[in-house]
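See structure below.
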Amino acid sequence: MNDRILLCLAHMSGKEQEFIKEAFDSNWVVPMGPNVTGFEHDLEKFVNRRDGMEPLDKKVVCLSAGTAAVHLALIACGVGAGDEVLVQSFTFCASSHPITYLGATPVFIDSEKDSWNMDPELLEEAIRDRIAKTGKKPKAIIPVALYGMPYQIDKIMEIANRYEIPVIEDGAEGFGSNYNGQALGTFGEYGVLSFNGNKMITTSGGGALICPDADKAREILWYATQARESYPYYQHEAIGYNYRMSNICAGIGRGQMTIVDEHIAHHRHVQALYEELLRDVPGITMHTAPSPEFESNYWLCTATLDEKLKVKGEELAYKQVITGAVGGAAGVTHATSSATTDCQPNDNVEALRMALDAAGIESRPLWKPMHKQPVYKDAPAYVNGVSESLFKVGICLPAGPWVTDDNVRYIADSIKEGIVN
């Protein structure tokens, strides 16, 4: 799925080429410049719009990665050593790793079954229990827009406001997704965006942080530029980071913003086509929005397989150790001695992944819940079994701008061919 980088560079629009050429011609080949400022303004217009309502006035700071955005949002919320942060377990590690950068502890919250995102009831249970056990409130709450699907932000915000805990929305996968006509990332104190190579739009690498106002945006910008003080020499009175987006990457982003609505519409079209083609296939269920308020961008289209479904090649599942890139990874660089772990997708899911791979189709398992990752084995977790059960039966299907209707039909036919009748 990282082929999107190559696709975007090979088929770069005239606008993208124009912005990049301008950066080279003006010698702005640095982590700042007019493209960065222009991209921030474009993003602000996009995230602040609301259906049938007055636009918001959020500010955006472009950064080197979505992970950097999570990190700086945590700092802005006062997270430090010894603190706890409540974070969705069903997610990519970038949602939780920055918590540990700061010496804090992630407290994992399981999902509810409809959106697959943070369960508000477990969230409140965790808040009460952490206060009882530690004598203090967690410092922040991080819900995640898994595969672009909105979380129950109305319920999460009600709980967060009642306990006066700031919300950092991880919308890295949810750029272009809305809840009740309002962009994800604009409900909480901060909102995280990602423009990695496989996201809804890409700058080849990069991210952004949606901030509540200009003062908070200036604070984030200060941290992102090594926290340098305003002297004619380098004066540092706090620890900062080299997290600013480059002018070149921002130029790509500005070009991508001219077609972002087309990308979102395409992903939603692909989702609808999968639903149509796989609707009558026993044992295959596409994950869809639970109600109209959940306006997903369908960054990735996901499906679950009935555990009783038989797929050709199940006897070969997990017989070989993976030694190369798989599921869009940048490549496996740390060898392991075992092909299995104590929490993994069912054999029929792995068999289908292998069958699709043999047919030239890249698919991948769902994210493995963070509370089941060995690195977090000692972290507190409030679980209900939802994310573990989904991880065992779920699979992600291609949905990017290079995926044509004929591709979707080929993928659907390949899925059907892999099922044992």
*Could you walk me through whether D114 and K155 pass the salt bridge (charged side-chain N to carboxylate O under 4.0 Å, His left out) test, one step at a time?*
CA-CA 14 Å; D114 294 327; K155 295 180 180 179; over 6 Å; no
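- Under the 4.5 Å side-chain criterion, counting only non-hydrogen atoms from C-beta, S96 is not in contact with T91.
- Between the OG atom in S389 and the CG atom in N346 there is a gap of 10.0 Å [rounded to 0.5 Å].
- Residue E295 comes nearest to R268 through the heavy atom pair O-NH2, 3.4 Å, listed as atom of the first residue, atom of the second, then distance.
- With hydrogens and angles disregarded, a donor-acceptor distance shorter than 3.5 Å links the side chain of N247 to the backbone of N35.
- Between H97 and Y101, the two ring planes are tilted [angle within 30° to 60°].
- Summarising the geometry of Y298 relative to S296, their closest heavy-atom pair is N-OG, 2.9 Å, with the distance given to 0.1 Å.
- In terms of heavy atoms, A303 sits closest to I284 at CB-CG2, 4.4 Å.
- When only modelled atom types and interatomic distance are considered, T341 and K372 share no side-chain donor-acceptor pair under 3.5 Å.
- Atom CD of E158 has more than 12 heavy atoms from other residues, nucleotides or ligands within 6.0 Å.
- The main-chain N or O of V47 is never found under 3.5 Å from a side-chain atom of K58 such that the two would form a donor-acceptor pair.
- Using a 4.5 Å heavy-atom cutoff, the side chains of V107 and Y382 are in contact.
- Between V420 and V311 the shortest heavy-atom distance is CG2-C, 3.9 Å.
- Taking 4.0 Å as the cut-off between side-chain N and carboxylate O, K392 and E388 do not count as a salt-bridged pair.
- The two residues V60 and E44 come nearest to each other via the heavy atoms N-OE2, 3.0 Å.
- Atom CZ of R353 is separated from atom CG of L356 by 9.5 Å, given to the nearest 0.5 angstrom.
- Side-chain contact between L43 and F195 is present, with at least one heavy-atom pair separated by less than 4.5 Å.
- Distance alone, capped at 3.5 Å, places no donor-acceptor pair between the Q182 side chain and the R50 backbone.
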*asked:* Using the rule given for salt bridge (charged side-chain N to carboxylate O under 4.0 Å, His left out), can you reason through R244 versus E40, listing the C-alpha separation, both sets of side-chain angles and the distance that settles it, and then say yes or no?
replied: CA-CA 12 Å; R244 199 70 164 117; E40 288 170 342; 2.6 Å; yes
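- To the nearest 0.5 Å, atoms CD1 (I419) and CG (N348) are separated by 9.5 Å.
- Proximity of L366 to F90: side-chain heavy atoms (C-beta onward) are separated by under 4.5 Å at one or more points.
- Using a cutoff of 4.0 Å between basic side-chain nitrogens and carboxylate oxygens, R409 and D406 are scored as salt-bridged.
- To the nearest 0.5 angstrom, T202 atom OG1 is 10.0 Å from H263 atom NE2.
- With hydrogens and angles disregarded, no donor-acceptor distance shorter than 3.5 Å links the side chain of D170 to the backbone of V192.
- Across A104 and G80, no two heavy atoms sit closer than the pair CB-O, 3.5 Å.
- Salt-bridge formation is not detected for the pair K377/D342: no Lys NZ or Arg NE/NH1/NH2 atom is positioned less than 4.0 Å from an Asp or Glu carboxylate oxygen.
- Salt bridge annotation for D57-K59: present, with a cationic side-chain nitrogen under 4.0 angstrom from a carboxylate oxygen.
- Residues M370 and S89 have side chains in contact (heavy-atom distance under 4.5 Å, counting atoms from C-beta outward).
- With rounding to the nearest 0.5 Å, the separation of OG in S95 from CD in E173 is 7.5 Å.
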*Step by step, would you call T302 with C396 a side chain to side chain contact (heavy atoms under 4.5 Å, CB included)?*
CA-CA 4 Å; T302 57; C396 300; 3.8 Å; yes
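- No side-chain N or O of H371 forms a donor-acceptor pair with one of D110 less than 3.5 Å apart.
- Side-chain atoms of N117 come within 3.5 Å of backbone atoms of L146 as a donor-acceptor pair (strictly under, hydrogens ignored).
- Side-chain N or O atoms of W299 include one that pairs as donor or acceptor with a backbone N or O of N198 at under 3.5 Å.
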*Given side chain to side chain contact (heavy atoms under 4.5 Å, CB included), test V87 with I109 step by step and report yes or no.*
CA-CA 6 Å; V87 58; I109 310 298; over 6 Å; no
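- One finds the OG1 atom of T105 at 8.5 Å from the CG atom of D83 (value rounded to the nearest 0.5 Å).
- I142 has its side chain within reach of I99: a pair of non-hydrogen atoms, C-beta onward, lies under 4.5 Å apart.
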_Applying side chain to side chain contact (heavy atoms under 4.5 Å, CB included) to E219 and L72, what does each step give before you reach the verdict?_
CA-CA 10 Å; E219 179 185 29; L72 295 187; over 6 Å; no
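- Within the 3.5 Å criterion, the main-chain N or O of S111 finds a donor-acceptor partner in the side chain of N384.
- Within the 4.5 Å cutoff, the side chain of T134 has heavy atoms near those of the E84 side chain.
- Crowding of K113 atom NZ: a count of heavy atoms from other residues, nucleotides or ligands under 6.0 Å not exceeding 12.
- Surrounding CD of Q320 are at most 12 heavy atoms belonging to other residues, nucleotides or ligands under 6.0 Å away.
- The backbone N or O of A359 lies less than 3.5 Å from a partner atom in the side chain of Y410, making a donor-acceptor pair.
- Checked by atom type and distance alone, the side chain of Q88 pairs as donor or acceptor with a backbone atom of M118 at under 3.5 Å.
- In this structure, Y179 and L184 have side chains that are in contact, with non-hydrogen atoms separated by less than 4.5 Å.
- Test F391, W116, F92 against W367 for ring pair (Phe, Tyr, Trp, His ring centres under 6.0 Å) and you get one pass: F92.
- Aromatic rings from H71 and Y243 are positioned such that their centres are separated by under 6.0 Å.
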*Show the numbers, then the answer: is there a side chain to side chain contact (heavy atoms under 4.5 Å, CB included) between E125 and L122?*
CA-CA 5 Å; E125 177 186 324; L122 274 183; 3.7 Å; yes
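- Within the 3.5 Å criterion, the main-chain N or O of F187 finds a donor-acceptor partner in the side chain of E169.
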